[in-house]
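Here the structure is laid out as structure tokens; the discussion comes afterwards.
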Amino acid sequence: MTGFRIGGWVALCAVMLAVPAWLAGELWALAALRHRPWQLESLLEIQGRRIRAADHGGIRSQEVEAIEARLREARLCLATAEVSWVLSRDYTPCLRSLLAAKLDGFSLELRQHLRDGESRARLGILLATLEREGRALLRAGNGSPPAAVRAAARRKESYLEEARQLRTMGHDQAALQAALRAQLSLRAGTDIRDEALARFMDQELLALWNRQVGDVLAWSRKSGLAAVIVDKLEHRCYLIERGRAQKSYTVNLGRNWYEDKLRENDAATPEGVYRVTRKFISPRFGYALPVDYPNAEDRRRFASLKKDGRLPGNARIGGLIEIHGRGRPDEDWTDGCVALEDGDMKDLYLKAYSGMPVVIIGTTSAGATWKK
């Protein structure tokens with residue numbers, strides 16, 4: 001009986017001691033978060049790196065800095081809790097900061113995603129616009145643009161292709177920078193083209209060209225003989241008979257056809273009143289009609305340009321300007337000659353004669369009744 005009582009008392013004491021310990025442990029576990037939230041910290045580190053990588057040169061740096069400040073605050077809280085006594089350790093306040101940072105980061109990533117989608121759409125529109133404007137640049141006028149414009153167009157196309165590839169790889173910011181370089185090249189080419197085309201609207205030049213056209217039309221009506229008018233801007237060659245255009249042909253001109261010829265190797269087609277010196281068949285260009293460039297007016301101007309220092313002292317005036325065959329579709333490729341397709345050149349050659357007037361003008365506003 002005594003042993004039973006002793007055993008009972010021992011059991012009772014054990015129960016009385018165990019209940020408070022169990023209760024204290026439960027209250028401790030319920031009252032606070034006792035284990036450091038390593039997994040949430042790792043997720044936030046990954047999210048932070050992802051956000052910073054998408055920051056695109058500081059465009060959203062203020063939003064990113066606000067989230068990083070909240071993370072620093074949470075890390076300080078974690079470090080403080082980590083060194084506290086285990087029974088009083090509590091990560092709950094730190095968890096609140098971490099969860100708030102996580103929520104802010106998710107919100108920023110969502111806004112970034114929406115903005116990036118808009119940026120990609122705008123980038124696509126920019127690339128399509130640059131491609132369209134580049135084609136328009138190379139179609140300016142009725143012929144191909146001068147060499148400087150073509151060089152700018154090639155630079156534009158190189159940058160544009162780089163932008164397309166970067167966009168395909170998902171590097172939108174780098175693609176945008178390449179697209180902007182393409183835009184600058186396009187603008188440079190457009191400026192060069194516009195400056196070159198401006199001379200075709202110069203009132204003094206137009207008056208000169210109109211007068212030259214009027215003179216040769218009047219001469220043809222009076223003499224009954226044929227003549228040729230070449231309109232550089234239109235890229236047309238007109239066979240004039242009795243003061244009217246009886247035939248019209250498409251022509252290729254010098255690579256720098258926008259300019260008037262000033263010297264040898266400038267790849268410009270001369271402007272002025274010339275005459276056919278002879279007729280012959282060239283092994284290289286087929287039917288050919290050489291003209292008397294340089295004439296007296298060309299030599300006078302050339303000497304004046306050298307005297308004024310606008311041409312170097314070793315410059316030469318050049319020559320060997322012809323109307324000949326081997327013309328190509330939509331390309332200005334000669335060194336200054338006027339090229340017709342072979343069938344058209346044969347037709348013109350049969351009408352031509354030695355001494356036939358050839359008037360090469362920039363363009364004319366004298367009216368088009370003579371062209372009909």
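Since this is a predicted model, take the numbers as computed values, not measurements.
- A salt bridge does not link R278 to E322: none of the charged side-chain nitrogens sits closer than 4.0 Å to a carboxylate oxygen.
- Remark: of the listed residues D332, D266, D335, D335 is the sole one forming a side-chain contact (heavy atoms from CB on, under 4.5 Å) with R255.
- Between R275 and P357, the closest heavy-atom pair is NH1-CG, 3.3 Å.
- Checked by atom type and distance alone, the side chain of S304 never pairs as donor or acceptor with a backbone atom of R300 at under 3.5 Å.
- Counting only heavy atoms from C-beta outward, the side chains of Y258 and L197 approach each other to under 4.5 Å.
- Looking at every heavy atom in both residues, A178 comes nearest to Y159 through O-CB, 3.5 Å.
- Look at K371 and E234 and you find a salt bridge, because one of the NZ, NE, NH1 or NH2 atoms lies within 4.0 Å of a carboxylate O, short of that distance.
- Looking only at side-chain heavy atoms (C-beta outward), D260 and R301 come within less than 4.5 Å of each other.
- Remark: side-chain polar atoms of T269 are paired, donor with acceptor, to backbone N or O of G254 under 3.5 angstrom.
- For A179 against A163, the heavy-atom pair with the smallest separation is N-CB, 3.9 Å.
- Without hydrogens or angle criteria, D292 side chain to N295 main chain gives no donor-acceptor distance under 3.5 Å.
- The distance from atom CZ of R187 to atom CG of L130, rounded to the nearest 0.5 Å, is 10.0 Å.
- Taking CD1 from I229 and CG from L239, the interatomic distance works out to 10.0 Å, rounded to the nearest 0.5 Å.
- In terms of modelled atom types and a separation under 3.5 Å, the side chain of T334 and the main chain of L253 share a donor-acceptor contact.
- When atom types are taken as modelled, the side chain of D308 and the backbone of R310 share no donor-acceptor pair closer than 3.5 angstrom.
- Judged by distance alone, with hydrogens and angles left aside, the side-chain atoms of K279 form a donor-acceptor pair with the main-chain N or O of A352 at under 3.5 Å.
- Taking both residues in full, the closest heavy atoms of L123 and A175 are given as CD2-CB, 3.7 Å, listed atom of the first, atom of the second, then distance.
- Between Y249 and D347 there is a side-chain heavy-atom pair separated by less than 4.5 Å.
- Taking SG of C77 as the start and CZ of R72 as the end, the distance is 15.5 Å to the nearest 0.5 Å.
- Distance check, rounded to the nearest 0.5 Å: NZ of K247 to CD1 of I240 gives 12.5 Å.
- Closest of all the heavy-atom pairs between A315 and F302 is O-CZ, 3.4 Å.
- Salt bridge status for R328 with E331: present, with a side-chain N to carboxylate O gap under 4.0 Å.
- Salt-bridge annotation for E162 and R181: present, with a side-chain N of the basic residue lying under 4.0 Å from a carboxylate O of the acidic one.
- The minimum heavy-atom distance between A339 and G325, with the atom names listed, is CB-O, 4.0 Å.
- Between the side chains of T364 and N210, at least one donor-acceptor pair of N or O atoms lies under 3.5 Å.
- F285 and H324 have parallel rings, their planes meeting at less than 30° on a 0 to 90° scale where 60° marks the start of perpendicular.
- No donor-acceptor distance shorter than 3.5 angstrom exists from the side chain of S158 to the backbone of R154, with no hydrogens or angles considered.
- Under the 3.5 Å distance criterion, the side-chain polar atoms of S220 are matched with a main-chain donor or acceptor of L225.
- Using a 4.0 Å cut-off between a side-chain N of Lys or Arg and a carboxylate O of Asp or Glu, D342 and R326 qualify as a salt bridge.
- Ring pair Y274/Y293 is perpendicular by interplanar angle, where above 60° counts as perpendicular and below 30° as parallel.
- Atom OH of Y349 sits about 15.0 Å away from atom NZ of K351, to the nearest 0.5 Å.
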Please walk me through it: do V276 and V358 pass side-chain contact (heavy atoms from CB on, under 4.5 Å)? CA-CA 7 Å; V276 172; V358 175; 3.7 Å; yes
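- With sequence neighbours left out, V273 forms a side chain to side chain contact (heavy atoms under 4.5 Å, CB included) with Q212, V359.
- Between the CG atom of L166 and the CD atom of E161 there is a distance of 10.0 Å, given to the nearest 0.5 Å.
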Give the C-alpha distance, both sets of side-chain angles, the deciding distance and a yes or no for side-chain contact (heavy atoms from CB on, under 4.5 Å) between V251 and R236. CA-CA 6 Å; V251 299; R236 303 297 294 177; 5.9 Å; no
Checking I317 against E264 for the side-chain contact (heavy atoms from CB on, under 4.5 Å) test, could you report, in this order, the C-alpha distance in whole Å, the side-chain angles of both residues, the deciding distance, and whether it holds? CA-CA 5 Å; I317 194 169; E264 187 179 52; over 6 Å; no
Please determine whether side-chain contact (heavy atoms from CB on, under 4.5 Å) holds for the pair I361 and V230, giving the CA-CA distance in whole Å, both sets of side-chain angles, and the decisive distance to 0.1 Å. CA-CA 6 Å; I361 58 171; V230 176; over 6 Å; no
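- Under a 4.0 Å N-O distance rule, the pair E271/K232 qualifies as a salt bridge.
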